[in-house]
Each structure stands twice: as C-alpha cells, then as structure tokens.
Amino acid sequence: MKTALITGITGQDGSYLADLLLEKGYEVHGIIRRASTFNTSRIDDIFQDPHEKGARLFLHYGDLTDGSSIAQIVNETEPDEVYHLGAQSHVRVSFDIPEYTGDVTALGAIRILEAVRRSKKNIKFYQASSSEMFGSSPPPQNENTVFHPRSPYACAKVYAYHQVINYREGYGIFASNGILFNHESPKRGETFVTRKITRGVARIKAGKEKVLYLGNLDAKRDWGYAPEYVEGMHRILQHSKPDDFVLATGQTHTVREFVEVVFDLAGLDWKKYVKIDKRYFRPSEVESLCGDASKAKKVLGWEPKVKFEELAKIMLDADMKAEGL
C-alpha cells in the first residue's frame, strides 16, 4: 500500500485528491491547521474514524509557517508521495496580506521540501504551481512561457516553482511542478469568482439576495473541472521521471461569459442583478490566461473532458440544490 501526504487536504483540490488516492488504495495523511471551528467540511464524506479497523485517512495538525511541525509529520508518516497543495491561494487577498502570503505560499514550499530532503526515504514531491505565474505573458502559455507574475500570490508561486527545480537538480529529489490553470467545482471556495457567481445566482433565485457584486468582468481565464485536474496531479508523480507540466483546457472565456451562462441557466437577466464594485479589482490585473497542455496530453495521456458550459451547470446545480431549489 502506498502512502501519500497532502498539504491543503481541506481545500477543493486536497479533498478531491484524497478521495482519488483512497480509491486507488493509498493510505492518505493530511495536514490541517488548528482552528476553533471545524474546517474539514470538504472531506467529511470520506473521513474515517482512525480507531476503526481498515481506516486509511488520517489527519495531523500542522502549519506551513512552522517548519518543525512539517518535518515531524513527514518523519512520522513516511510517505511515498507528498502533494503540496496548501497555500494562501486567493489572489486578490494576497494584495492585502502580502507578507503572510509569501510566508505560507513561498517559504511553506521550502519548509516541506527541506523535510523531504532530510527524510531517509525517497519521497516523490508534487508542487501545486499556478497559471497566475504567467501574469501578463501573452497566451497561449505553456511550460516554456516566461513568467511575469502580477500579484504577491503569483510571485510567491514563482519562488516555490524555481525552488522545486533547484531541489530536483541540486539534491536529486523526484520533485515536479504542476502548472494548473483555473479549475473549479462545487467545492470551490465561496469567495472565488466562479463559485461566488453560482452561489449568488442560487441565492437570488431563492429570494435571499437581490444583488451580486463583482469586479473585472473582462478578465479572461481558462477554466476546467477540478476532479480531472487532481487526476493529472497523480499522473505527474507516476511518470518515470520528475518534470513540469501545464494542465489546462486550452479554451478561454471572460468572467462576463461565465456570468451570462449561469444567469441564463437560472432563467434570469444578469444585467438586472450584477453590480460592479471597484474593491474587487486587483491593483495589477492579469488580462488573459489560456493554457497549452499538449505536453501533458502527449507524455501523460491527460486530457480534460468537462467543458465550460458543463462546468457552469455542475456548479450551479449544486448551489441550487443547497438552496432547496
């Protein structure tokens, strides 16, 4: 039985990845932060009481700002694979808390890389890199595109990306980057624009809200379906050698298009409900992201199937159901 350790297991990607690895027969360990309220809702459906016979999912308290806790967990769990997904991952918020974002998103990667390097076991390491690293570089973007980050979050991710390569080349660690373009699902955080839209429309339909406040409607993004992207993460670590891969759909749409599709699905006129609030604009915007995942298709056999309109419907249906509609 293989053992995997996931940072960010309570996030969208971490919860889907944990489910996937359990299906594949792994023993799965996840790092969670201590909080005064339960923050494990995304993995409640797969959580197992560790006292039960045959339990294969275990949670450990730790924090990416605390290297000693990370090292201790790596030593105790002795994983075959580490999936480093944890981060302060909200781009707009990173402008408000840039120092914290750097500590968690950039230095957090170093802390866990060091724990992997010092382990007596040969551990495969996956780094969740981001399309935001490309910033203002013109699309389509692939593994050879020059990075031009446009936010504290993106800058932190670029640092982590290069450190993964540094540890791979300097210490011979099996360390790979997955440069994932936007990927969404009903488990997406409620402050991320796609989920904010689908949840807002559902609440408007339910009569609980009258207005949906958004920022830049002209930003263009490459949106895919998160469960397919965690399958890509797993394939990256099963490849014969460590390498870096872009995962994307190759299609780009504006936030406005996402708004139009979701409101149309709900039978509403978006212009009657959407208002623009400047506070949701970034100080420096990323205008257009569109990924070229041809390398992942050729080398890993990975190719996304869920397209833009289907993704919007999946998310809206889930939020409508949550509102009893």
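Values below: every heavy atom of this structure, side chains too, minus hydrogens, waters and symmetry copies.
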Are F95 and V93 connected, step by step, through hydrophobic side chains (Ile, Leu, Val, Met, Phe, Trp, Tyr) whose heavy atoms are closer than 4.5 Å?
-> no
Give the intermediate values and the outcome of side-chain hydrogen bond (donor to acceptor under 3.5 Å, both in side chains) for residues T77 and H29.
-> CA-CA 7 Å; T77 59; H29 295 264; 5.3 Å; no
Do we get K241 above F174's six-membered ring, with its NZ or CZ under 6.0 Å from the centre and within 45° of the axis?
-> no
Would you name the heavy atoms of A156 and G102 that are closest together and state the gap between them?
-> CB-CA, 4.3 Å
Salt bridge check: are E132 and R92 linked by an N-O gap of less than 4.0 Å?
-> no
Are the side chains of F281 and I276 in touch, meaning some heavy atoms are under 4.5 Å apart?
-> yes
Measure from the side-chain N and O atoms of E143 to the backbone N and O of V246, and report whether any donor-acceptor pair falls under 3.5 Å.
-> yes
Test item: H234 side-chain N/O and L20 main-chain N/O as donor-acceptor pair under 3.5 Å | no
Linked, directly or transitively: L311 and M320 (ILVMFWY side chains, under 4.5 Å) | yes
Sidechain N-carboxylate O distance under 4.0 Å for D103, R111 = yes
Short side-chain to backbone donor-acceptor contact, Q141 and C290, under 3.5 Å = yes
Exactly one candidate in K121, K124, E27, M1 meets side-chain contact (heavy atoms from CB on, under 4.5 Å) with D80; the answer is K121
Does the side chain of V104 come within less than 4.5 Å of T65's, by heavy atoms?
-> yes
Closest non-hydrogen atoms of F125 and V116, given as atom of the first, atom of the second and distance, are CD1-CG2, 4.1 Å
Contact list for residues 258-272, test side-chain hydrogen bond (donor to acceptor under 3.5 Å, both in side chains), sequence neighbours left out | none
Taking all atoms of both residues into account, what is the closest heavy-atom pair of G178 and Y126, and its distance?
-> CA-OH, 3.4 Å
Does the ring centre of F245 sit less than 6.0 Å away from the ring centre of W302?
-> no
Taking the side chain as every heavy atom from C-beta outward, state whether K157 and Q127 have any atom pair closer than 4.5 Å.
-> yes
Answer yes or no: does atom CG of D45 have more than 12 heavy-atom neighbours from other residues, nucleotides or ligands under 6.0 Å?
-> yes
Pi-cation contact, F192 with R188 (under 6.0 Å, within 45°) | yes
Electrostatic pair E184:R195 at N-O distance under 4.0 angstrom | no
Under 3.5 Å: donor-acceptor pair, side chain of S119, backbone of A115 | no
Charged N to carboxylate O below 4.0 Å: is that the case for K295 and D243?
-> yes
Is there a side-chain contact between I112 and V82, using heavy atoms and a 4.5 Å cut-off?
-> yes
Carboxylate-amine/guanidinium proximity below 4.0 Å for E231 and R235 | yes
List the steps and the verdict of side-chain hydrogen bond (donor to acceptor under 3.5 Å, both in side chains) for Q163 and Y167.
-> CA-CA 6 Å; Q163 287 289 12; Y167 273 67; 5.5 Å; no
State the OG-CD distance between S185 and E228, to the nearest 0.5 angstrom.
-> 11.5 Å
NZ/NE/NH1/NH2 to OD/OE distance under 4.0 Å, E190 and K196 | no
Evaluate salt bridge (charged side-chain N to carboxylate O under 4.0 Å, His left out) for K2 paired with E81, printing each intermediate quantity in order.
-> CA-CA 8 Å; K2 283 187 178 180; E81 300 169 2; 3.5 Å; yes
Kindly compute the distance separating CZ (F58) from OG1 (T3), expressed to the nearest 0.5 Å.
-> 9.5 Å
Does the side chain to side chain contact (heavy atoms under 4.5 Å, CB included) test come out yes or no for R56 and L22, once each step is laid out?
-> CA-CA 7 Å; R56 290 187 290 115; L22 287 171; 3.7 Å; yes
Looking at side-chain heavy atoms only, is the closest gap between V255 and D218 below 4.5 Å?
-> no
Heavy-atom side-chain contact between I179 and L247 under 4.5 Å | no
With a 4.0 Å cut-off, would you call D66 and R33 a salt bridge?
-> no
Ring centers of Y161, F147 separated by less than 6.0 Å = yes
Check step by step if side chain to side chain contact (heavy atoms under 4.5 Å, CB included) holds for Y273 and V211.
-> CA-CA 5 Å; Y273 301 97; V211 178; over 6 Å; no
When you measure from the side chain of S94 to the backbone N and O of V91, does any donor-acceptor pair fall under 3.5 Å?
-> yes
Check step by step if side-chain hydrogen bond (donor to acceptor under 3.5 Å, both in side chains) holds for S137 and H148.
-> CA-CA 6 Å; S137 289; H148 190 157; 5.2 Å; no
Among D222, D13, T249, find the one that has a side chain to side chain donor-acceptor pair (under 3.5 Å) with H183.
-> D13
Just by distance, do the side chain of R150 and the backbone of E285 share a donor-acceptor pair under 3.5 Å?
-> yes
Sub-3.5 Å donor-acceptor pair from the side chain of E169 to the main-chain atoms of N166, do we have one?
-> no
N/O donor-acceptor pair under 3.5 Å between S130 side chain and M133 backbone | no
Quick one: are P98 and Y153 in side-chain contact, heavy atoms under 4.5 Å?
-> no
What residues form a salt bridge (charged side-chain N to carboxylate O under 4.0 Å, His left out) with K220, not counting sequence neighbours?
-> none
Separation between CG of L85 and OH of Y16, rounded to the nearest 0.5 Å = 14.0 Å
Output yes when a side-chain donor or acceptor of R42 lies under 3.5 Å from a complementary backbone atom of S15, and no otherwise.
-> no
Atom of S69, atom of G62 and distance for their closest heavy-atom approach | OG-CA, 3.8 Å
Side-chain ion pair, E114 and R117, N-O less than 4.0 Å | yes
How far apart are the C-alpha atoms of I31 and I9, what are their side-chain angles, what is the distance that settles it, and do they pass the side chain to side chain contact (heavy atoms under 4.5 Å, CB included) test?
-> CA-CA 7 Å; I31 298 177; I9 194 171; over 6 Å; no
May I ask you to check whether H253 and F258 place their ring centers less than 6.0 Å from one another?
-> no
Search all heavy atoms of L265 against all heavy atoms of A312 and return the closest pair with its distance.
-> CD1-C, 4.2 Å
Any N177 side-chain heavy atom under 4.5 Å of I165 side chain | yes
Donor-acceptor contact present, side-chain T254 to main-chain E257, <3.5 Å | yes
